[in-house]
Amino acid sequence: MHALSIHSRASDKCHTHDTHHTGSETSAPSDAGQLKDIGCKWVVNGHSERRHVIGEDDQFIGKKSAYALSQGLGVIACIGELLEERVAGKTFDVCFQQWKAYAGKLLNNSLLFLLPFMLCQAGIAYEPVWAIGTGKVATPQQAQAVHAAVHDWLSKNVSAEVASKTRIIYGGSVNGGNCAELAKQEDIDRFLVGGESLKGPEFATIINSVTSKKVAA
Ligand SMILES: O=C(CO)COP(=O)(O)O
């Protein structure tokens, strides 16, 4: 999200080669070609609802993401732990297992060269499941710890340049009151906003919190 560049993006509307067919697909009607035709640049994959309501697993999400990238769409790759996983001290294990499935699928399909494109054009969204739509936001420290770990992983496993260019986006009950403290964190680059995007003044405050951070940097 950026005040000056609003692009179209689709949530989980991009089939893989073998799930796409030409019959009626009322529940998920768009394929990569249709999305590009209407000017869509990104898809959001691995959102918690797809994982925990629809039942998509890491393998399938990785496969859809590799396909979207191969078709020239950016992928915002969502990761995030359930509350019980956080309480059990598994936040980092869960998030990295999810993240590695995106990267691993690119590797399996000989598409690893697309990884920097994916990271630099779109990014990774950390969305703790317990914070999405619940009004319970992660503390700035909790979110910063995960974002910093992801940047660190990218620096060690991809390159320092890609790590510094990768946007790591926080999502989960961001509002006009908590966005400034979250945006101050060094590794929180953008926000993925749900409910508050429907409220004009709140949304403007959220956008400005990120924009002023970038201007100050
Ligand atoms: O899921 C989200 C955005 O994708 C977050 O939604 P909320 O901002 O409503 O918690």
Side-chain angles (χ1 to χ4, degrees), residues 1-3 5-14 27-28 30 35 40-58 60-62 64-65 68 73-87 91 94-95 98-99 101-102 118-119 121-147 150 166-185 187-211 213:
M1 178 197 64
H2 189 291
S5 70
I6 296 176
H7 296 289
S8 306
R9 60 99 176 149
S11 298
D12 286 289
K13 296 287 188 190
C14 190
S27 67
S30 310
L35 293 176
C40 189
K41 293 182 185 299
W42 304 327
V43 290
V44 176
N45 278 355
H47 192 275
S48 79
E49 289 146 14
R50 304 300 299 191
R51 294 179 185 275
H52 301 295
V53 180
I54 309 292
E56 292 182 1
D57 63 14
D58 286 345
F60 184 67
I61 292 164
K64 283 204 305 185
S65 302
L73 287 164
V75 172
I76 297 175
C78 296
I79 59 173
E81 81 287 1
L82 296 164
L83 182 58
E84 57 264 38
E85 292 165 338
R86 173 162 283 274
V87 170
T91 297
V94 169
C95 289
Q98 292 172 348
W99 163 243
Y102 291 100
M118 168 178 174
L119 293 167
Q121 295 297 315
I124 300 173
Y126 171 53
E127 295 209 305
V129 180
W130 48 272
I132 298 174
T134 60
K136 287 184 200 158
V137 65
T139 65
Q141 295 71 26
Q142 285 172 324
Q144 164 63 19
V146 175
H147 286 227
V150 175
T166 297
R167 288 177 282 200
I168 307 184
I169 304 160
Y170 172 78
S173 296
V174 176
N175 63 35
N178 59 34
C179 58
E181 282 307 307
L182 286 161
K184 271 186 205 160
Q185 304 302 309
D187 293 270
I188 298 181
D189 300 314
R190 297 285 194 277
F191 294 126
L192 193 50
V193 185
E196 298 299 302
S197 64
L198 302 175
K199 302 176 189 166
E202 290 276 322
F203 195 39
T205 304
I206 295 168
I207 291 172
N208 287 334
S209 72
V210 180
T211 306
K213 173 183 175 174

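Atoms within each ligand, like the ligands themselves, are counted from 1 in listed order.
Between the CH2 atom in Trp130 and the OG atom in Ser48 there is a gap of 12.5 Å [rounded to 0.5 Å]. Taken from NE2 in His47 to CG in Asn45, the straight-line distance is 11.5 Å, to the nearest 0.5 Å.
Classified by interplanar angle (parallel below 30°, tilted 30° to 60°, perpendicular above 60°), the ring pair Tyr170/His147 is tilted.
Between Gly133 and ligand 1, an N or O atom pair is found at a separation short of 3.5 Å. Where the criterion is an N or O separation shorter than 3.5 Å, residue side chain and backbone included, Glu127 meets it with respect to ligand 1. For ligand 1, the polar-atom distance check finds an N/O of Gly195 within less than 3.5 Å of one of the ligand's N/O atoms. Looking at Gly194 next to ligand 1, an N or O pair under 3.5 Å apart turns up.
Within the 4.0 Å heavy-atom criterion, the part of His47 lying near ligand 1 is the side chain and not the backbone.
Residue-ligand proximity, Ile132 to ligand 1, at heavy-atom distances under 4.0 Å covers atoms 1 (O), 2 (C), 5 (C), 6 (O), 10 (O). Near Leu192, with a cut-off below 4.0 Å to any heavy atom, the atoms of ligand 1 are 3 (C), 4 (O). Within ligand 1, counting atoms from 1 as listed, the ones closer than 4.0 Å to a heavy atom of Ser173 are 7 (P), 8 (O), 10 (O). Listed by number with element, the atoms of ligand 1 under 4.0 angstrom from any heavy atom of Ala131 are 10 (O).
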Practice task
Dump the intermediate steps for side chain to side chain donor-acceptor pair (under 3.5 Å) on Gln144 and Asp187, then the final yes or no.
Solution key: CA-CA 6 Å; Gln144 164 63 19; Asp187 293 270; 2.7 Å; yes
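For the residue pair Val137 and Gly172, the shortest heavy atom distance occurs at CG2-O, 3.5 Å. The minimum heavy-atom distance between Tyr126 and Arg86, with the atom names listed, is OH-NH2, 3.2 Å. Residues Pro128 and Ala138 come closest through the heavy atom pair CG-CB, 4.2 Å.
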